[in-house]
There are 2 protein chains.
Amino acid sequence: MPATIRDVARLAGVSPSTVSRALSMPGVVNPTTRARVMAAADSLGYAPNKAARGLITGRTGNIGLVVPDLANPFFPSVVKGVQARAGESDVAVFLADSDEDATAEIGLVRALAKQVDGMILCSPRSSDQELIGLAQETNVVLINRLVEGVPAVTFDNEEGMRLAIDHLVALGHRRIAWVGGPKASWSSKHRIIGLYSAAHDHGVELVPVGSFQPTYDGGMAAADQAVATRATAVVAYNDLVAIGLLSRLHARGISVPDDLSVVGIDDIAMSRMAHPALTTVRLPKQKAGRLAVELLLGLLDDPDPGSISLRGTLHGELMVRESTGVAPDPARP
Amino acid sequence: MPATIRDVARLAGVSPSTVSRALSMPGVVNPTTRARVMAAADSLGYAPNKAARGLITGRTGNIGLVVPDLANPFFPSVVKGVQARAGESDVAVFLADSDEDATAEIGLVRALAKQVDGMILCSPRSSDQELIGLAQETNVVLINRLVEGVPAVTFDNEEGMRLAIDHLVALGHRRIAWVGGPKASWSSKHRIIGLYSAAHDHGVELVPVGSFQPTYDGGMAAADQAVATRATAVVAYNDLVAIGLLSRLHARGISVPDDLSVVGIDDIAMSRMAHPALTTVRLPKQKAGRLAVELLLGLLDDPDPGSISLRGTLHGELMVRESTGVAPDPARP
DNA sequence: GTGAAAGCGCTAACAC
DNA sequence: GTGTTAGCGCTTTCAC
């Protein structure tokens with residue numbers, strides 16, 4: 001049985017309230033008593049029971065984190081960032097994987113909501129309406145999604161896509177294919193906007209190639225259509241798709257980057273390990289996790305939504321690797 | 001403010017205890033009252049406060065899970081398994097990432113211990129002594145580690161290595177290199193035992209090639225030494241190492257599997273996507289997570305350690321892919 | 001600066 | 001079968 005506040009009080013010869021104060025409001029207690037309490041506390045290995053404290057303060061010291069699929073390498077990075085930042089503030093993290101299911105997602109949030117001070121929803125699958133509803137019931141911070149009135153950490157997708165297009169245009173590409181991800185995805189929409197805007201500014205052509213699963217298999221499925229566009233470069237919805245593309249292109253004997261350049265988005269660990277190594281727009285995933293925790297913690301300390309920043313926007317960075325090269329000479333057969 | 005048990009009691013016209021009973025001991029309450037309570041409960045959207053319940057029952061309905069590094073693709077799979085099984089029993093999961101730090105690991109466990117019914121430690125970095133200590137203070141289930149008296153889920157490493165060796169021997173390989181992982185690792189020890197035993201039984205030679213980081217870079221670092229052994233096949237500590245190997249071999253112009261066969265262990269998602277696709281021993285990672293939860297739950301229901309099985313051993317499965325082929329003709333120059 | 005008392009939301013005896 | 005009482009470990013008035 002772990003030691004309780006009473007055990008400490010008895011050992012230190014003070015009342016439980018004094019122990020409580022010594023631990024959570026240092027300034028207000030006599031330094032001598034405080035020292036005695038501290039000594040007693042750690043001689044007993046005492047640590048306060050968060051649940052009991054939460055019952056009275058209304059703060060549990062825990063947060064919840066919901067991700068759509070841990071098997072997608074994007075998310076573990078975000079989780080790591082959340083963990084790291086939460087740990088620094090001595091906050092524990094409940095993790096839930098919704099398995100891409102919007103209904104499950106809402107359920108998980110509801111179930112967890114009672115035991116946490118707030119929740120971080122990463123790339124939520126739920127509708128704006130549902131998210132707004134949740135945000136009313138509990139403190140919510142979104143990652144990778146913008147919903148009216150809900151605090152969020154997002155990546156600047158428009159800018160990221162511009163980075164990719166600038167790079168390809170500089171290499172001489174004039175006809176660029178876009179292998180799209182899930183149609184409903186918030187990121188998808190914004191990436192497309194950035195892509196078209198950048199392509200327009202450069203006066204180059206952007207050829208959309210449908211909508212695919214944001215997975216390796218999605219990329220495999222898209223490859224032949226991408227080739228058929230006769231574009232000299234392809235931007236993929238994410239790295240997983242790009243790697244699937246690489247694989248199918250290799251199987252077809254199409255050389256990357258000699259025949260076709262490929263750019264991904266995310267910079268998951270696997271991208272560096274691909275053949276050829278994948279040029280991609282790195283998204284600061286861990287940082288997003290950290291920032292989300294910070295927003296959430298800020299929200300808790302000061303629930304007045306006006307006085308703190310509710311938004312964090314993170315910037316991508318182009319990682320040039322071997323999957324992109326100069327556009328093939330159009331004069332070639 | 002969420003509804004409390006009293007709100008429900010008032011609305012249903014019964015006492016709080018009746019509500020409590022109606023919810024957690026259905027059989028013991030009058031069906032009519034029960035119905036009334038249920039109606040009241042969900043009209044208020046009532047859900048019991050787990051923390052308050054835990055305070056009195058001593059059971060929180062939560063478990064903790066500590067992994068050494070979520071960025072290693074092995075672990076997210078285990079986490080998914082834990083999540084899935086825990087969810088089925090309506091148990092929430094605290095996740096902590098120790099960042100490969102044994103000290104942090106112990107700290108995380110201690111911090112979490114108060115708020116959970118038990119902990120699952122996946123591939124723990126701590127010493128046997130420390131783990132035994134923890135197991136005395138709280139319910140612990142280990143994954144990927146065997147310590148006297150502590151419940152655990154492990155993979156049959158010996159058998160897995162035999163699978164790999166059998167496969168290579170059947171392809172004609174007679175000299176096989178082993179690229180080892182961290183020396184202190186429990187898995188490492190058992191893999192080596194299996195490897196030598198299988199090699200001995202087949203009368204083939206096993207050549208150890210030092211000890212490397214269990215990462216892609218570790219594999220890159222090991223490749224040249226592996227080649228220098230003049231073995232015709234390499235078994236790597238894990239898939240990440242094997243993929244690093246593949247990469248460096250490719251850079252050196254050594255063809256896999258024509259010049260050298262490579263076998264990994266784990267079957268992480270990336271292995272299928274490698275070039276050539278990696279032959280590997282699949283470890284049922286999700287299953288390990290599920291099983292660990294089951295052992296833990298069993299432990300809670302029946303703390304008598306004698307009456308339930310404290311051990312689960314999972315079996316690997318050989319996935320033959322393109323990175324292995326027949327041994328090159330030794331007569332060749 | 002410190003102690004006593006009350007109570008957070010819930011369940012577990014114990015009566016009836 | 002149901003209500004009453006007490007109390008889990010903690011913090012927080014409110015006295016002193």
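All values reported here derive from a predicted model rather than from experimental measurement. Quick note on labels: first sequence line is chain A, next is B, and so on, each numbered from 1.
For B:V29, the listed nucleotide lying nearest its side chain is D:dT2; candidates were C:dA4, D:dT4, D:dT2. Residue A:R6 places its side chain closer to D:dC8 than to any other of D:dG9, D:dC8, D:dT2. Nearest nucleotide to the side chain of B:I5, out of D:dT11, C:dT2, C:dC10: C:dC10. Side-chain atoms of A:R21 lie closest to C:dT2 of the nucleotides D:dG3, C:dT2, C:dG9.
The NZ atom of B:K114 sits 14 Å away from the C1' atom of D:dC10 (whole-angstrom rounding). Between A:D7 atom CG and D:dC8 atom P there is a gap of 12 Å when expressed in whole angstrom units. In this structure, B:I56 atom CD1 and C:dG9 atom C1' are separated by 10 Å, rounded to whole Å. Note: CG (A:L55) to P (D:dT12) measures 12 Å, nearest angstrom. Rounded to whole Å, atom C1' of C:dT2 lies 10 Å from atom CG of A:N30. For the pair A:R10 CZ and C:dG3 P, the interatomic distance rounds to 14 Å; values are reported in whole Å. Between A:R53 atom CZ and C:dG9 atom C1' there is a gap of 18 Å when expressed in whole angstrom units. One interatomic measurement links the two molecules: CZ of B:R36 to C1' of D:dT2, which rounds to 11 Å at whole-angstrom precision.
By the 4.0 Å N-to-carboxylate-O rule, A:R125 lies too far from A:D99 to be salt-bridged with it. Between B:D301 and B:R59, at least one side-chain nitrogen of the basic residue sits less than 4.0 Å from a carboxylate oxygen of the acidic one, meeting the salt-bridge criterion.
Using a 4.5 Å heavy-atom threshold, the side chains of B:I120 and B:L296 count as touching. B:E148 is not listed as a side-chain neighbour of B:D128, based on a closest heavy-atom distance of 4.5 Å or more.
Judged by distance alone with a 3.5 Å cut-off, no donor-acceptor contact links the side chain of A:S20 to the base of D:dT12. Side-chain N/O atoms of A:R34 and base N/O atoms of C:dG1 include no donor-acceptor pair closer than 3.5 Å. The base of C:dA12 does not come close enough to the side chain of B:T57 for any donor and acceptor atom to sit less than 3.5 Å apart.
The phosphate of C:dT2 (OP1 or OP2) has no side-chain N or O of A:T18 nearer than 4.0 angstrom. Contact between the side-chain N/O atoms of B:T33 and the OP1/OP2 oxygens of D:dT2 is found at a separation under 4.0 Å.
Note on B:S17: a base of the nucleic acid sits closer than 4.0 angstrom, heavy atoms only.
Take the nearest nucleotide of DNA chain C for B:A52 and for B:M25: the residue whose nucleotide is more 5' is B:A52. Where A:K50 and B:S15 meet DNA chain D, the nucleotide closest to each residue was compared, and B:S15 sits on the side nearer the 5' end.
Neither side chain, B:T154 nor B:N144, offers a donor N or O lying under 3.5 Å from an acceptor on the other.
Nearest heavy-atom pair, B:I143 versus B:A292, reported as atom, atom and distance to 0.1 Å: CD1-CB, 3.7 Å.
For the P atom pair drawn from D:dG1 and C:dC10, the interatomic distance equals 24 Å after rounding to whole Å.
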